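Here's the structure we're looking at; comments come further down.
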Amino acid sequence: MASSMSGMFPGQQAPTAHPIPGVGGPGQPGFPLAGNRSQGSNTLVDELEASFEACFASLVSQDYVNGTDQEEIRTGVDQCIQKFLDVARQTECFFLQKRLQLSVQKPEQVVKEDVSELRNELQRKEMLVQKHLSKLHHWQQVLEDVSVQHRKPSDLPPPGPLAFLEQASASLPPAPLKPN
């Protein structure tokens, strides 16, 4: 596996495997060394990091803060972001290539990873079910406690805003009728 990651990190050689058709462009023949820079052996990770830093540098530069030429600043920021997105796509492409190579060379490894992911997902869902069951038992207990309270005769008036008045007025003698 370490040899399949060559060219991705500093100090490693680019892979000599056949490029995947449709992947890569000019200056990128299917391996992670994107475009030749004057610094020598830049890897895709180095370029991704540099383009990410350039995005922030363009956003916090003094020109951006002073706001001298908004259109020029916007264009510069857009270019930095576009460069970052391009390098991010190349990085994603690199890992997809490696995933494809792994699935071709060691299909059992992919199956093992899938089984492991499914087990983890099943375990996570089991924990979620247990959590909901404990909440369900809690609320069932609360409902049972409330229903037991209502079955017992109590001295408290029934709930409601007029319950106390109804109980008090029931014990009063009827009011005499007024003669017309």
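Remember, predicted model here, so these are calculated numbers, not experimental data.
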> Run the side chain to side chain contact (heavy atoms under 4.5 Å, CB included) check on L143 and V146 step by step: do they pass?
Replying inline: CA-CA 5 Å; L143 284 174; V146 168; 5.5 Å; no
Counting C-beta onward and ignoring hydrogens, is there a side-chain heavy-atom pair between [X] and [Y] closer than 4.5 Å?
{"X": "E71", "Y": "R74", "answer": "yes"}
{"X": "E49", "Y": "E53", "answer": "yes"}
{"X": "S51", "Y": "E47", "answer": "no"}
{"X": "F94", "Y": "K98", "answer": "yes"}

>> Hydrophobic clusters here meaning ILVMFWY residues chained together by side-chain heavy-atom distances under 4.5 Å, can you tell me if F95 and F52 are in one?
In response: yes
>> Tell me whether L136 shares a hydrophobic cluster with V129, the cluster being built from Ile, Leu, Val, Met, Phe, Trp, Tyr side chains joined at under 4.5 Å.
In response: yes
> Would V110 and R99 count as a side chain to side chain contact (heavy atoms under 4.5 Å, CB included) if you check the C-alpha gap in whole Å, the side-chain angles of each, and the deciding distance to 0.1 Å?
Replying inline: CA-CA 9 Å; V110 174; R99 183 71 177 168; 3.9 Å; yes
> Between R89 and E92, is the closest basic N to carboxylate O distance under 4.0 Å?
Replying inline: no
> Does the pair K131/E126 count as a salt bridge with the N-to-O cut at 4.0 Å?
Replying inline: no
Separation between [atom1] of [X] and [atom2] of [Y], rounded to the nearest 0.5 Å:
{"X": "L48", "Y": "L85", "atom1": "CG", "atom2": "CG", "value": "10.0 Å"}
{"X": "D86", "Y": "I81", "atom1": "CG", "atom2": "CD1", "value": "12.0 Å"}
{"X": "L100", "Y": "Q105", "atom1": "CG", "atom2": "CD", "value": "9.5 Å"}
{"X": "S58", "Y": "Q79", "atom1": "OG", "atom2": "CD", "value": "10.0 Å"}

>> Any side-chain to backbone donor/acceptor pair from S116 onto K112? Under 3.5 Å, distance only.
In response: no
>> If you count every heavy atom of other residues, nucleotides or ligands that lies below 6.0 Å from E72 atom CD, does the total exceed 12?
In response: no
>> Hydrogens and angles aside, do D145 and Q149 bring a side-chain donor and acceptor to less than 3.5 Å of each other?
In response: no
> Going by atom types only, do Q82 and D78 share a side-chain donor-acceptor pair under 3.5 Å?
Replying inline: no
>> side chain to side chain contact (heavy atoms under 4.5 Å, CB included), that's the test. Do V87 and L44 meet it? Break it down for me.
In response: CA-CA 7 Å; V87 176; L44 201 51; 4.2 Å; yes
> Of the non-hydrogen atoms in A54 and C80, which two are nearest, and what is the gap between them?
Replying inline: O-SG, 3.9 Å
> Between L102 and E113, is a side chain to side chain contact (heavy atoms under 4.5 Å, CB included) present by the stated rule, with each step listed?
Replying inline: CA-CA 11 Å; L102 180 67; E113 288 176 6; 4.1 Å; yes
